[in-house]
Amino acid sequence: MAASSCTQVLDLYPVKLRESKHFSAYNYRTYTIRMIRDAFRENKNVQDPVEIQTLVNKARRDLRMIRRQVHIGQLYSTNKLIIENQEKPKT
């Protein structure tokens with residue numbers, strides 16, 4: 001993998017994870033984080049520069065989509081799920 005491609009991928013991964021954590025809906029948030037991790041793990045051994053560039057472009061498109069969906073989700077807020085409202089036990 002070329003140095004610039006490696007840098008692009010290493011920059012995109014944490015940005016996508018960070019943006020996904022802004023989803024207000026628990027199910028969307030966990031699904032998106034899981035899909036990002038799975039996609040990066042699946043493609044970690046790709047060596048073809050053309051395919052790497054295609055995957056980087058797809059990741060950028062996905063990042064823009066995540067940002068749009070987070071914004072839309074914030075417009076229509078919902079109640080938190082029970083799993084999100086769990087209090088930590090007092091010690």
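- For residues 49-70, there are no ring-ring contact (aromatic ring centres under 6.0 Å, His included) pairs, not counting sequence neighbours.
- Minimum heavy-atom separation, S24 to G73: OG-O, 3.5 Å.
- With values rounded to the nearest 0.5 angstrom, I36 atom CD1 is found 4.0 Å from I66 atom CD1.
- Hydrophobic cluster of Y76: the remaining members, joined at side-chain heavy-atom separations below 4.5 Å, are I72, L75, listed by chain and number.
- Within the 4.5 Å cutoff, the side chain of V70 has no heavy atoms near those of the Y28 side chain.
- Side-chain contact between N43 and V46: present, with at least one pair of heavy atoms (C-beta onward) separated by less than 4.5 Å.
- Separating the CD atom in E42 from the CE atom in M35 is a distance of 8.5 Å, to the nearest 0.5 Å.
- Here the shortest heavy-atom pairing between H22 and Q74 reads O-NE2, 3.9 Å.
- For residues 9-29, the pairs satisfying salt bridge (Lys or Arg N to Asp or Glu O under 4.0 Å) are K16-D62, E19-R67, R29-E84, with sequence neighbours left out.
- The side chain to side chain donor-acceptor pair (under 3.5 Å) contacts involving residues 30-41 comprise nothing, where partners must be two or more places apart or lie in separate chains.
- Pairs engaging residues 39-66 under the ring-ring contact (aromatic ring centres under 6.0 Å, His included) rule: Y13-F40 [sequence neighbours left out].
- Residues R61 and M65 fail the side-chain proximity criterion, which asks for heavy atoms closer than 4.5 Å.
- Separating the CD atom in Q69 from the NE2 atom in H71 is a distance of 11.0 Å, to the nearest 0.5 Å.
- Remark: Q53 engages N57 in a side-chain hydrogen bond (donor to acceptor under 3.5 Å, both in side chains) (not counting sequence neighbours).
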